[in-house]
Amino acid sequence: QFHMIKHEDLTWGESLGQGSFTHIFRGHKTDQRDEVTHTTEVLLKVLDANHKNCWESFFEAASLMSQISHKHLLLVYGISVHKSKNIMVQEFVKHGALDLYLKKSMSVSVSWKLDVAKQLACALNFLEEKNIAHGNICAKNLLLAREGDPSSDNSPFIKLSDPGTSMTLLGKDVVLDRIPWVAPEVLDTLEIELECDKWSFGTTLWEIFNNGEAPLQGLDLIQKQQFYEHFSNLPALEWTELADLIAQCMQYQPELRPSCRSIIRQVNSLITSDYEILHATGTLPK
Ligand SMILES: N#Cc1ccc(Nc2nc(N)cc(-n3ccc(CO)n3)n2)cc1
């Protein structure tokens, strides 16, 4: 169910950092189509050699992304296996991960952030309709394809990245370190259900409206575990309606979390609300 890409058709560029058990590089792939050679810029995601046992889950995550296609889901061209290297070949998304982008550019507007939130909600709704749980929703896995800028008022465009190695194969410490993105019930079951993505959506909203600052950043793994044991909540944002939506998503009882339809409706009402107009124009409508 995968397009296999020959290693000799890949050229490697600079390293762009690393994720859980993976390294990412800029690169190119060439393919011959009716005697014409096409060169495409790609992102090469390599599974660490010392985590070879995760290769099924690494490719399973990728195959999830290639079985379905949606404008807000990352395009995976295929995989390449060469000697001990397992490589996922992804479309290169121009502006990279949203968390780094938000940290760098402190000037994105409330409407820009709401636009991104709505796109993520649509991607989750699409996955929910297919009964597919992603399992790793966070700002680091939201990729910015188009910046959108205030002057020409064209809007941002995001793509949801692959979920990466599944929770079950990650060590307990890696799962604990994903607090508060990972839903509390996952710590016991290590099972990813649709409701888990709603919890993570709440955490990601919090990140976006805190300019990419990671929630619970300073806490160690014990303190993170206690955050859940004490049924704690993230600090509420000053925009009450937004804080309410985050609180609904981050309810400890999975069945109480809102449906994606409800999340989209609530994000839409935030978009049309006075607070947004006030922040966009500096004045409230008469
Ligand atoms: N400076 C810079 C810069 C870095 C990366 C890209 N592009 C890109 N394309 C992808 N397909 C995936 C990613 N990722 C980045 C983190 C993760 C974690 O999952 N993915 N970045 C563009 C500019």
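Just so you know, these numbers use all the heavy atoms, side chains as well, and skip hydrogens, waters and symmetry mates. First listed ligand is number 1; within each ligand, the first listed atom is number 1.
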Problem - Ser262-Gln266 side chain donor-acceptor pair, cut-off 3.5 Å - result: yes

Handout entry: Geometric cation-pi criterion, Lys85 with Trp12: 6.0 Å, 45°
Key = yes

Can you pull every nitrogen or oxygen pair between ligand 1 and the protein closer than 3.5 angstrom?
{"from": "ligand 1", "atom 1": "7 (N)", "to": "Val93", "atom 2": "O", "distance (Å)": "2.7"}
{"from": "ligand 1", "atom 1": "9 (N)", "to": "Val93", "atom 2": "N", "distance (Å)": "3.1"}
{"from": "ligand 1", "atom 1": "11 (N)", "to": "Gln90", "atom 2": "OE1", "distance (Å)": "2.9"}
{"from": "ligand 1", "atom 1": "11 (N)", "to": "Glu91", "atom 2": "O", "distance (Å)": "2.8"}
{"from": "ligand 1", "atom 1": "19 (O)", "to": "Lys45", "atom 2": "NZ", "distance (Å)": "3.3"}
{"from": "ligand 1", "atom 1": "19 (O)", "to": "Asn141", "atom 2": "OD1", "distance (Å)": "3.1"}

Exercise for the section: Answer yes or no: is there a donor N or O on one side and an acceptor on the other, between the side chain of Trp206 and the main chain of Pro235, under 3.5 Å? Expected result: yes

Fill in the blank from the handout: Contacts of Glu41 meeting salt bridge (Lys or Arg N to Asp or Glu O under 4.0 Å) (sequence neighbours excluded), chain-then-number -> Arg26

Practice task
Would you please classify the geometry between the Tyr101 ring and the Trp112 ring as parallel, tilted or perpendicular, with 30° and 60° separating the classes?
Solution key: parallel

Problem - Side chains of Asp244 and Gln248, donor plus acceptor under 3.5 Å - result: no

